[in-house]
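These notes concern the structure reproduced below.
Lettering of chains follows the sequences in order, A, B, ..., and the numbering in each one begins at 1.
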There are 2 protein chains.
Amino acid sequence: MHKELTAKGRATRNRIIEGAAAVLREKDVSVATLDDIMAHTRTSKSQLFHYFPEGKDELLLAVARHEADQVLADQQPYLGCLDSWEAWHRWRDQVVKRYTEQGERCPLGSLVLHLGRSTPGARDVVVTLMRRWEENLATGIRALQTAGQLPAELDVEQRAAALLAGIQGGVLLLQSTGRADHLRAVLDQGISDLRRAAVI
Amino acid sequence: MHKELTAKGRATRNRIIEGAAAVLREKDVSVATLDDIMAHTRTSKSQLFHYFPEGKDELLLAVARHEADQVLADQQPYLGCLDSWEAWHRWRDQVVKRYTEQGERCPLGSLVLHLGRSTPGARDVVVTLMRRWEENLATGIRALQTAGQLPAELDVEQRAAALLAGIQGGVLLLQSTGRADHLRAVLDQGISDLRRAAVI
DNA sequence: GGTAGGCTGGACCAGCCAGTCCAGTCGAGC
DNA sequence: GCTCGACTGGACTGGCTGGTCCAGCCTACC
């Protein structure tokens, strides 16, 4: 697929994806039109359909993948080496900062919701993202275990799952209420409960 | 507003709201049309605009309010009297059951997202819902305090906020991955961390 | 320097769907 | 039983938007 793209073609394709991502960070999928994307990327409709023959959904899916990659990248390098309590706190700050800045928009969320079950592969994007995210958290907890900071019998999977869910909900509440209180609470509480587990 | 509605008129208006809610539980807002709602409620377009002069958005907002009321109602009577550990566990089961049955659809979520900032009042619906939900949780935690099951110095607000965020994220993950693991994990972990706080 | 095929521009089309309009019915109160 | 206004039916419209088509440009490769 797209093997035959020249360097110029690839550049244009990327420009479309990034431009579309920019558009979708400003307006909701249900409102954004191909014309918006054309205007923002200085492309014509034929180019859009040239690079995404299946049409709008294929383009949106590509944007969703692009955004999903961004989510974890934005948490690096912290998320990748959660091997001390200090590292956990730095990561916490990074997450709060990232989502406070992003504000009320959730391009990836609306995208996947919009594509929904009609577009095969849309769900996979978010499922994969969540799995990776959770794995990173689990790895971090295990790192604390091997560092002797946490007891070996801790249920790592459950902790990681609960933490991930908390973050998602915190972000959701940040986006719907405009306040980061919940996100902060869930991270603080999650980490301090983890620390407390160390003492027992 | 709508003071002058006769009994018949009120009945029709309610039929429209409930019918629309049923439609939106099956298809996403972005796909559902007024024709779908007409078909499902046996009404004509002029009736829709008679009862909701502002058009589709006004109708959707009414549906959103209707759905929001449902959310807390579905958690009763458990959510209302979280005054023992047993009550908390019964409530937990109820929540998991409710959202497992609901499956992947989240009518209220898509509705509010769809109405977004363009419709004043849409955000309020979800903000109010979340505030009430959180208050119920906080009341439950305080009930445990007065029952002597939890220490008085516990940060009730933070616990309630974190728990609410966890639930929202758990539901989100249930809807996007199809598995209830996260919701269960966050509730189990949340309640057991609370219990552990009792010991310390 | 020629040519095949990737790349680009933009006019055009067709379907969908919210919203309008008007003609007609029903029913409560006088 | 009359009348006024609430209520209902359904045809019509106008704008929007995803998608198509074709004609022409650019460039890598021979």
Exercise. Taking CG from B:Leu60 and C1' from C:dA18, how many angstroms apart are they, rounded to a whole number?
Worked result: 12 Å
Exercise. Tell me: CG of B:Leu34 to P of D:dG9, nearest whole Å?
Worked result: 16 Å
Problem set entry | Salt-bridge contact A:Glu67-A:Arg25 (side-chain N to carboxylate O under 4.0 Å) | yes
For this session: Would you please confirm or rule out a distance under 4.0 Å between OP1 or OP2 of D:dC7 and any side-chain N or O of B:Ser46?
Result: no
For this session: Would you mind reporting whether B:Leu24 and B:Leu60 have side-chain heavy atoms less than 4.5 Å apart?
Result: yes
For this session: Provide, to the nearest angstrom, the distance between the CD atom belonging to B:Gln47 and the P atom belonging to D:dA6.
Result: 15 Å
Problem set entry | Touch class at under 4.0 angstrom, heavy-atom based, for A:Thr33 against every strand present | sugar-phosphate
For this session: May I have the distance from A:Arg13 (atom CZ) to C:dC7 (atom C1'), rounded to whole angstrom?
Result: 15 Å
Exercise. Atom CD of B:Glu58 to atom P of C:dA18: distance rounded to whole Å?
Worked result: 15 Å
Exercise. So, B:Thr119 side chain and B:Ala122 main chain: donor-acceptor pair closer than 3.5 Å or not?
Worked result: no
Exercise. Atom CZ of B:Phe49 and atom P of D:dA11: how far apart are they, to the nearest Å?
Worked result: 17 Å
Exercise. Is a salt bridge present between A:Arg90 and A:Asp93, judged by a nitrogen-to-oxygen distance below 4.0 Å?
Worked result: no
Exercise. For C:dA18, does either OP1 or OP2 sit under 4.0 Å from a side-chain N or O belonging to B:Lys56?
Worked result: yes
For this session: List for me each residue that meets side-chain hydrogen bond (donor to acceptor under 3.5 Å, both in side chains) alongside B:Glu54, sequence neighbours excluded, and say none if there are none.
Result: none
Exercise. B:Lys45 near the nucleic acid: base, sugar-phosphate alone, or nothing, with a heavy-atom cut-off under 4.0 Å?
Worked result: base
Seminar exercise, completed: Here the distance between atom P of D:dG19 and atom CG of A:Leu48, to the nearest Å, is 10 Å
For this session: Could you check how far CE of B:Met38 sits from C1' of C:dC17, rounded to whole Å?
Result: 11 Å
Exercise. Any side-chain N or O of B:Tyr51 under 4.0 Å from OP1/OP2 of D:dA6?
Worked result: no
For this session: Check every atom of D:dA6, D:dT27, C:dG6 against the side chain of A:His50 and return the nucleotide holding the closest atom.
Result: C:dG6
